[in-house]
Amino acid sequence: MNQATQLPASERQRCEVWTRVMGYHRPVAAFNPGKQSEHRERTHFTEQAAGLAR
């Protein structure tokens, strides 16, 4: 069950990342280069870091 599966490059596909911007969701790939750079620099919220994990 814990075995890692390695797919050949021909069977792999890119993961599309979406983010919420101004109240709606949008793919990061649709951002201009400056906005993509800003997205990479963001600190993402985690429950554990916020002290909310049980």
Side-chain angles (χ1 to χ4, degrees):
M1 188 70 115
N2 290 333
Q3 286 182 324
T5 303
Q6 190 73 20
L7 291 175
S10 63
E11 293 183 31
R12 296 180 67 186
Q13 64 183 28
R14 292 187 57 85
C15 177
E16 187 172 47
V17 178
W18 286 60
T19 188
R20 185 171 173 265
V21 179
M22 300 297 290
Y24 60 95
H25 292 86
R26 188 168 174 206
V28 174
F31 289 176
N32 65 43
K35 193 59 138 175
Q36 286 182 7
S37 176
E38 178 185 310
H39 182 266
R40 280 191 296 273
E41 295 173 2
R42 289 184 190 163
T43 303
H44 295 277
F45 173 84
T46 62
E47 292 177 350
Q48 187 173 19
L52 301 174
R54 293 182 186 188

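Values below: all heavy atoms of this structure, side chains included; hydrogens, waters and symmetry mates excluded. These numbers were taken from a predicted model, which means no experiment stands behind them. The chain is numbered in sequence order, starting from 1.
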Under 3.5 Å, side-chain donor or acceptor atoms of residues 9-20 against the rest of the protein: list the pairs with distances, not counting sequence neighbours.
residue	atom	partner	partner atom	Å
E16	OE1	W18	NE1	3.0

Show me, pair by pair, the donor-acceptor contacts under 3.5 angstrom made by side chains of residues 22-32, not counting sequence neighbours?
residue	atom	partner	partner atom	Å
R26	NH2	A30	O	3.2
N32	OD1	G34	N	3.1
N32	OD1	K35	N	2.8

Among residues at least two apart in sequence or on other chains, which ones pass salt bridge (Lys or Arg N to Asp or Glu O under 4.0 Å) with R40?
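For R40, no residue satisfies salt bridge (Lys or Arg N to Asp or Glu O under 4.0 Å) once neighbours in sequence are set aside.
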
